[in-house]
Amino acid sequence: MITLRFSAVLRWLGWFLGRKDTMITLKLPDGSAKQVAPGTSARQVAESIGKRLAQAAIAAKVDGAIVDLARDLPAGEHSFQILTDKDKDALDVLRHSCAHVMARAVMRLYPGTQLAFGPVVEHPVPGFYYDIDSPTPIREEDFPRIEAEMKKIVEKAEPFERFERPTAEARGLCADLKQTLKVEHIDDDLKQYPSLSFYRQGEFIDLCRGPHIPHAGKIGAFKVVSIAGAYWKNDSTRPQLQRLYGTAFFTQKELDDYLHNLEEAKKRDHRVLGKQLKLFTISPMVGSGLILWMPKGAIVRGILEAFIKDELVKRGYSPVYTPHIGRLELYRTSGHFPYYRDAQFAPMYTRPAAGTLDICQYRLSLGDLDDKRETEFVQYMKLAYFLPPEYEQAKTQAEKLELVHRYTLTLLQTMQVDLPDYRKASNAKERADVLLKWLAEQEGFLLKPMNCPHHIHIYKAEQRSYRDLPVRLAEFGTVYRYEQTGELNGMTRVRGFTQDDAHLFMTPDQVESEFRANIELVLHIFNTLGLTDYRVRLGFRDPASTKYVGSDEDWNVAQTALESIVKTLGMNYSVEIGEAAFYGPKIDFVVKDCIGREWQLGTVQLDYNLPKRFDLEYIGADNKPHRPIMIHRAPFGSMERFMGILIEHFAGAFPTWLAPEQARVLTVSEKFTDYAQKIEAQLKAMGFRAGGDYRPEKIGFKIREAQLEKIPYMLVIGDKEQTAGTVAVRGRSEGDLGAVPVAEFISKLEREVREKRLPAAKAV
Ligand SMILES: [Zn+2]
Ligand SMILES: [Zn+2]
């Protein structure tokens, strides 16, 4: 309150003293401009535009930054937008505000609770969490109590009031509130700011940057979702806290839909269905993250592969095959090694100890590392069971490099390798160069992390003229990545996977048409599978990062080209900085499944760099050598991931053209086995995947079993059917479809498969 009055006085004083307060200019989303007086708040602007807008307003966006409605607008010219419940940004503001409400409820129920951070998250639930340290740990049984307390707070609809304090005073206030974690946070990270902001809601005061909703009554519906362990500032050396997750929406209906989808997601979990339907398995004995495709899963995969192969041949692709490993030199040239080595299986050297020298070389070549990279590198070395003695205790980068150097000398001696140039070298860089030269002469292989270098060498195997271009090489190529154990998840995060990969080599004037054709191919495949809700993400380079190869100029050309193609195709897209592949920008297709979850699938990438690194050429019309441009693309991404997503999308009930078993003949009694077997044989002879259940079981039991296996059609055979030469058809989702002559059923099935028809409804 004091701050408010004080600032009002200042404003008035400024005006009184004749200080020229110029008007604020706001550029509104519709392109118009609006002038407002200094001291105007975003809420006042909303009110001046219209009563309905003011009522719907949640927060405002000023020059891209989201601010409270009550904040005074800064001087000058700004882009300005009122956020309502239609905006995703507003939902985030709502959810974070609900985190305050949850913390307030917890404080009431568990006095003495320490609060840490309460941000908005998308995973594992779209909502928020608050990290807390309460005197009695919170359990799931406590959620209803917390929710009941939150309900009281929401019903009172008290405002969120912002106030600022100079940092020293802010620290004092946190100490008075007995919030020691907040005090620690100020000491650790916030000392450099002159003042800090707090938000008060009733008796609850929280150190927070904001922004927030105007009052708690805007929270239409909320739920406390789960509780997990967490560390203070996510640092495992710091105290353990509890992370209480919740979610909030503007309306009860949105929350209900969300909870319904959550239930649906559980029913559709591909790890559960994969086991139940015998599609795939993972054995710790084989290795985590390594998928074993069981016969039924293999059938589905085979059909998907055949489908895409057909499309590729139609579109002028040439299928190729390449091995699962390649020489390290190949990946040193491509840049896949050593930069991505933390995500790769260890290299295989014929002299095993060379692998250790390889790590020394890598560390020496990196020179001085910043803190973040240093931590990452120590983690990597620990994972490889390679950490030079005393490395972690060394204080400076120079000391660390010296330790690695001495370790290298010991290794060279043990391996009886004499490298005079190494001894002569005077700094880390020179030493790294000598070691690299030696390593390059050793026989070493890598499980392939990508197929591109292999395909590049197929391109290079022949002299190419501009008349041969574009060259389109396609392969279901299996690659390996060493994902962390904690990251592995069923089929969607694995360590070995098969990409539906292809590499296209073309002249600059073919880039646009090839790119277009690729986008069309991806969309054709998605449409065929009923994945019609998708968005496009352009992944651009982060110019500040060192993980990318190639010149600024190539990057600019590639990024501009890509954006203009997407624009001319009229696609909805967003640009994401830092999401590029290391050799070039890319388009990712993010698909929404039938319960609204987003999955990143197909990707098309433009590459000006690898052709340069591998010195690729074609002879142009001018008889001179030119550099081709490459496209990398994989519409499914990987067969494993795609299968996982399809299992969830279809809830295991694959469309008939993909189903492992398309029809099963079921007999009412053993009397009809001969007739039934003839029908099964007839279906098989026509190329359908048919089965039969002739056990002396009740027909109801047989139907239930086939239903659980999600077989599209059950053909029931009894006396009537045998006499009339028909089958009584049951659809897994439609139920009884009546009796039809066998030939009629077969022609219906044939049509459904040929047209790759999709199941009519969301059948579970
Ligand atoms: Zn806050
Ligand atoms: Zn590639």
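Order of listing sets the numbers, starting from 1, for every ligand and every atom in it.
The side chain to side chain donor-acceptor pair (under 3.5 Å) test with H100 singles out one residue from H212, Q201, R200, and that residue is H212. Of the candidates N451, V471, I631, D607, H503 forms a side-chain contact (heavy atoms from CB on, under 4.5 Å) with just one, namely N451.
The aromatic ring centres of F337 and Y331 sit 6.0 Å or more apart.
In this structure, the side chain of R541 does not engage the main chain of A580 through any donor-acceptor pair within 3.5 Å.
Taking the N/O/S atoms of H503 in turn, the shortest distance to the Zn ion (ligand 2) belongs to NE2. Of all N/O/S atoms in H632, ND1 sits nearest the Zn ion (ligand 2).
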Working for ring-ring contact (aromatic ring centres under 6.0 Å, His included), residues H455 and F505:
CA-CA 10 Å; H455 292 181; F505 304 83; 8.2 Å; no

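A donor atom on one side chain and an acceptor atom on the other are found under 3.5 Å apart for D68 and Y199.
At a cut-off of 2.8 Å, measuring from the Zn ion (ligand 1), the protein N, O or S atoms that fall short of it are H96 NE2, H100 NE2, C208 SG, H212 NE2, waters left aside.
More than 12 heavy-atom neighbours from other residues, nucleotides or ligands sit within 6.0 angstrom of CD on E122.
Distances from the Zn ion (ligand 2) show that C452 has an N/O/S atom below 2.8 Å.
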